[in-house]
Amino acid sequence: MNRELLSACAPLREALHRTEYTADALLEMLGSDAHDALGRSEPVPVRLASRGAGDLGVLTRLFLLADPCPAAEVAHALRPLDLDRAVAVGLLERSGDEVRAALDLRPLDLGAGNRWVLSDLDGSMGPRTTAPDHVLGVGHASLSLLRATPTTPTGSVLDLGTGCGIQALHAAGYARSVTATDINLRALDLSAATFALNEIDVELLGGPWFEPVDGRRFDRVVANPPFVVGRGRVEHTYRDSGLDLDGASELMVSNVLDHLEPGGTASMLASWVHVRGEDWRSRIASWLPAHGVDAWIVQRDVADPALYVGTWMRDGGLDPRDPATAAQAEAWLAHFEAADVEGIGFGFVYLRRTDEPSDVLAEDLRHGFTDPLGGEAFGYFDRLAWLRERDVLEQRFRLEPTTALERVSLPGEEGWQQVVARVHRGSGPNWQHEVDDLTAALLGGMRPDSLALNELLELLAAANGEDPDELAAAAIPLVHSLVRHGLVLPAEFPL
């Protein structure tokens, strides 16, 4: 561990409190427009808004814009942390009468008050070479996992591949104990400083994959592993696993169950290849055992190989116009072609350890929605467990309060002609299911005080001249699907 950096955290924390270098104060100082510009990596509006803002403005330009700042102003802003000490421990770099940040120091509100996160500087505010042991800051992937992680109180949490420590920092708000691991020694140094800066107690262990916690189990596992689909080479530890194609995601998904307590859950980011002539859902399902797990795999995006390679080349600070970079891209794309890769999927994997036959659902969720996905994952598992234990024909149901029936009609020869009807959930992931008129009538009869499903089906069959057994056979899988997606709920579930 970098003991010198850790020893500087106490006076640095005092300076950050004194200057109110917090997420709320930053938003108030910048205003919404400049704050949005900061999120878009546009420094000019931030620079203008922070002028005249005293020590808070100095720290904003220093750490968030990576601007060179007068040494005297930085020394005043960092009191009681001595400027020379800040340089010696690797927080700052000095050149004459100016200093620059050597690390990114960012205030965030993760839902439990302000936190500070230390990481390496990236190229968002200017050209910068990405070192092999680069410690990634709080990027879009990290934030998406934060929003997709359940936060109900729990006992123990493992953050595998902690990086800058953001997921462990988040977990400290809802778990009694947190363990974080990483193979990157620099990540261990910076995450330890992040935890010390926030006075958070986290067990920090070094080593690859699950090796540091061999033989241990946790109530929850959260992981943002090096999931980049590549050629089995390690160029940047934060993204490259050294395993071919989607081997890193396969390793995580297939091994995490061994480290979950009974009933324990895992929330992970992952990538998987779409192989020509194969179903991507079957590929992921093959990574899981036939017994002992409920799995919900949510595909949020699919990239074509050229877009995927170009994106990660730029992420590594490489210019695609450079001949050496172009040669790497060509080799990467050739590797994809040789493996019949026609796309790369990306999304979330939710797992729950059970003592039942495995239930695996992998599905697309590429449309936009605003509600966090973490609570939805636990809701999905709760509804799945309820379905597993009951005959739905004997149960009463009600519609989720935001479920709406939509009918779409187009002009026809005799006026409007309905072309589709669907039920749409207005909360969570905004699921939609197409329905016919009989199904719409069935759903319309579902209320907390209504009849059981088999009785509703008998009435519907009699009113429409249908065979009740055929209606029941069609209704069972439909109701299962609607309950899984939360458009229809058991009447006994609380509102």
Side-chain angles (χ1 to χ4, degrees), residues 279 281-282 285 288 290-297 352 354-365 376 379-410 412 416-495:
D279 188 334
R281 299 168 183 84
S282 299
L288 293 164
H291 191 94
V293 62
D294 289 337
W296 188 39
I297 296 100
R352 181 180 63 176
T354 74
D355 58 0
E356 302 282 349
S358 294
D359 185 290
V360 180
L361 176 63
E363 57 188 342
D364 267 310
L365 183 56
E376 184 69 21
Y380 172 82
F381 287 140
D382 289 343
R383 296 189 295 271
L384 177 58
W386 187 92
L387 287 168
R388 178 181 280 132
E389 297 169 358
R390 290 166 177 83
D391 178 355
V392 294
L393 289 175
E394 299 176 357
Q395 306 303 315
R396 293 184 299 112
F397 297 93
R398 62 176 171 82
L399 295 178
E400 197 276 339
T402 67
T403 297
L405 174 64
E406 301 175 328
R407 297 184 186 274
V408 178
S409 298
L410 294 175
W416 293 108
Q417 292 185 342
Q418 180 176 305
V419 293
V420 67
R422 54 178 169 254
V423 284
H424 171 262
R425 181 178 157 193
S427 62
N430 301 139
W431 292 114
Q432 295 185 17
H433 285 248
E434 291 189 12
V435 295
D436 58 22
D437 289 339
L438 280 178
T439 300
L442 174 65
L443 297 180
M446 290 182 173
R447 294 181 297 275
D449 58 349
S450 67
L451 301 172
L453 179 59
N454 56 2
E455 296 172 310
L456 287 176
L457 289 168
E458 287 176 4
L459 291 176
L460 188 64
N464 293 273
E466 299 286 342
D467 182 280
D469 292 334
E470 291 181 1
L471 275 185
I476 291 172
L478 171 68
V479 171
H480 270 259
S481 182
L482 292 173
V483 170
R484 282 177 182 252
H485 281 164
L487 288 91
V488 168
L489 299 175
E492 65 197 62
F493 274 34
L495 288 172

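Not measured: the values here are computed from a predicted model.
In this structure, Pro468 and Leu457 have side chains that are not in contact, with every pair of non-hydrogen atoms separated by 4.5 Å or more. You'll find the side chain of Gln417 stays beyond 4.5 Å of the side chain of Ser409, heavy atoms only. In this structure, the side chains of Leu442 and Val435 stay at 4.5 Å or more apart for every pair of heavy atoms. Using a 4.5 Å cut-off on side-chain heavy atoms (C-beta onward), Val293 and Thr354 make no contact. Proximity of Phe397 to Leu489: side-chain heavy atoms (C-beta onward) are nowhere separated by under 4.5 Å. Using a 4.5 Å heavy-atom threshold, the side chains of Arg447 and Leu399 count as separate. Inter-residue side-chain proximity for Leu456 and Met446 is flagged as met; some heavy-atom pair is nearer than 4.5 Å. In this structure the side chain of Asp359 reaches within 4.5 angstrom of the side chain of Leu384, judged on heavy atoms.
Expressed to the nearest 0.5 Å, how far OG1 of Thr439 lies from CG of Leu405 amounts to 10.5 Å. One finds the CG atom of Leu487 at 8.5 Å from the NE2 atom of His424 (value rounded to the nearest 0.5 Å). Atoms CG and CG, from Leu438 and Leu443 in turn, are 11.0 Å apart once rounded to the nearest 0.5 Å. If you take CG on Leu361 and OG on Ser481, they are separated by 8.0 Å, rounding to the nearest 0.5 Å. To the nearest 0.5 Å, atom NE2 of residue His433 and atom CG of residue Leu478 are 8.0 Å apart. The line from CG of Leu365 to CD1 of Ile297 is 13.0 Å long, rounded to the nearest 0.5 Å.
Here Trp431 and Tyr380 keep their ring centres 6.0 angstrom or further from each other.
Between Ser450 and Gly445, the closest heavy-atom pair is CB-O, 3.2 Å. The shortest heavy-atom contact between Arg352 and Asp294 is NH2-OD2, 2.5 Å. Taking all atoms of both residues into account, the shortest heavy-atom contact from Val483 to Pro490 is CG1-CD, 4.5 Å. Nearest heavy atoms, Gly292 versus Ser358: N-OG, 3.4 Å. Nearest heavy atom pair, residue Val423 against residue Leu482, reads CG2-CD2, 4.2 Å.
Side-chain atoms of Glu455 come within 3.5 Å of backbone N or O of Ala452 as a donor-acceptor pair. Distance alone, capped at 3.5 Å, is enough to place a donor-acceptor pair between the Arg398 side chain and the Phe493 backbone. Under a 3.5 Å cut-off, the side chain of Asn464 and the backbone N or O of Glu466 do not form any donor-acceptor pair. A donor-acceptor pair is defined here as one N or O able to donate and one able to accept, closer than 3.5 Å; such a pair exists between the side chain of Thr403 and the backbone of Glu400.
Gln395 and Trp386 share no donor-acceptor pair across their side chains, judged by distance under 3.5 Å alone.
The only member of Arg425, Glu376, Arg383, Glu363 that meets side chain to side chain donor-acceptor pair (under 3.5 Å) when paired with His485 is Glu363.
In this structure, Arg407 pairs ionically with Asp437, as a charged nitrogen and a carboxylate oxygen lie closer than 4.0 Å. A salt bridge does not link Asp436 with Arg422: every distance from a Lys NZ or Arg NE/NH1/NH2 to an Asp or Glu carboxylate oxygen is 4.0 Å or more.
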